[in-house]
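Okay, here's the structure, questions in a sec.
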Amino acid sequence: MLALGSDHGGYSLKEEVKKHLDKRGIAYKDFGAHSEESCDYPRMAQAPCEAVVKGECQLALLFCGTGIGISMAANKIKGIRAAVCSDTFSAKMTRAHNNANVLCMGGRVVGVGLAIELVDAFLDTEFEGERHARRVGQLADLEQKL
Ligand code: RB5
């Protein structure tokens, strides 16, 4: 199960990505936004990220105007490793090396076609573990130091 979330700036791209997930038969829970009415990205990041941390969802896809604000919000939540991507290499590598559990995209930055490629690259790549697991563990250590 995927968790989806956006603010108003990412709403439209989220809706387009949902159509692609439907075609692929990938289940998701949409935590909103449910319209283009203005809302605040830090608040919209919380519920989908909590679903990931609690294990109710395995990964999340988050959207705002740039992808940046909602990624900053997501990364404040313990256990979240969110990456904002606008190229497929990064979307793949952030799963393979960083074990990212949240992909963030900018609805005002990437088009629908590219977003779909980013989502597929992210979802279809496994974490490689080994030396990367040590580094991801060190990310978790940083969370304990603040
Ligand atoms: C909203 O106007 C915009 O600031 C937001 O969607 C996002 O781009 C912030 O990083």
Side-chain angles (χ1 to χ4, degrees), residues 1-127 132 135-146:
M1 177 73 75
L2 293 181
L4 304 186
S6 78
D7 72 353
H8 55 289
Y11 167 76
S12 155
L13 187 58
K14 172 170 66 66
E15 295 306 300
E16 293 298 328
V17 166
K18 279 163 64 178
K19 291 178 197 167
H20 177 65
L21 296 174
D22 290 339
K23 276 188 204 148
R24 283 195 57 176
I26 296 172
Y28 55 81
K29 182 168 181 190
D30 185 355
F31 291 88
H34 299 296
S35 77
E36 284 185 332
E37 188 180 336
S38 182
C39 58
D40 299 332
Y41 59 81
R43 303 216 185 287
M44 301 313 291
Q46 187 174 345
C49 287
E50 284 178 355
V52 170
V53 171
K54 288 177 185 164
E56 294 162 7
C57 293
Q58 286 69 55
L59 298 169
L61 306 177
L62 299 183
F63 307 82
C64 68
T66 58
I68 296 170
I70 206 156
S71 73
M72 289 180 171
N75 278 316
K76 298 286 184 195
I77 297 171
K78 198 176 276 190
I80 292 298
R81 292 174 301 279
V84 53
C85 295
S86 53
D87 69 275
T88 53
F89 179 76
S90 297
K92 184 180 168 73
M93 295 310 286
T94 200
R95 284 286 305 128
H97 286 192
N98 313 128
N99 200 15
N101 49 16
V102 179
L103 173 65
C104 302
M105 288 162 283
R108 298 169 184 160
V109 178
V110 299
V112 175
L114 176 55
I116 285 168
E117 290 191 6
L118 296 173
V119 167
D120 285 345
F122 187 76
L123 297 183
D124 297 341
T125 304
E126 294 292 326
F127 179 47
H132 306 297
R135 293 160 185 162
V136 170
Q138 289 166 1
L139 288 176
D141 292 345
L142 290 174
E143 290 176 335
Q144 306 305 322
K145 289 184 178 164
L146 297 175

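Values in this document were obtained by computation on a predicted structure and should not be read as measured data. One-based numbering, in listed order, for ligands and for the atoms of each.
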Item to check | N98 side-chain N/O to A100 backbone N/O, donor-acceptor pair under 3.5 Å | outcome: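 Pair absent, no side-chain N/O of N98 close to backbone of A100.
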Checklist entry - Within the side chain of H8, is there an N or O that forms a donor-acceptor pair under 3.5 Å with the backbone of C39? => result yes
Checklist entry - Are the side chain of D40 and the backbone N or O of P42 linked by a donor-acceptor pair below 3.5 Å? => result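 Checking the backbone N and O of P42 against the side chain of D40, no donor-acceptor pair under 3.5 Å is found.
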Next on the checklist: D124 vs R95, test: salt bridge (Lys or Arg N to Asp or Glu O under 4.0 Å). Steps then yes/no.
Outcome noted: CA-CA 9 Å; D124 297 341; R95 284 286 305 128; over 6 Å; no
Checklist entry - Exactly which residues line ligand 1, taking a heavy atom under 4.0 Å from it as the test? => result D7, H8, Y41, C64, G65, T66, G69, R108
Item to check | Main-chain N/O of A82 paired to N75 side chain as donor or acceptor, under 3.5 Å | outcome: yes
Checklist entry - Sub-3.5 Å donor-acceptor pair from the side chain of R81 to the main-chain atoms of N101, do we have one? => result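 A pair under 3.5 Å: no.
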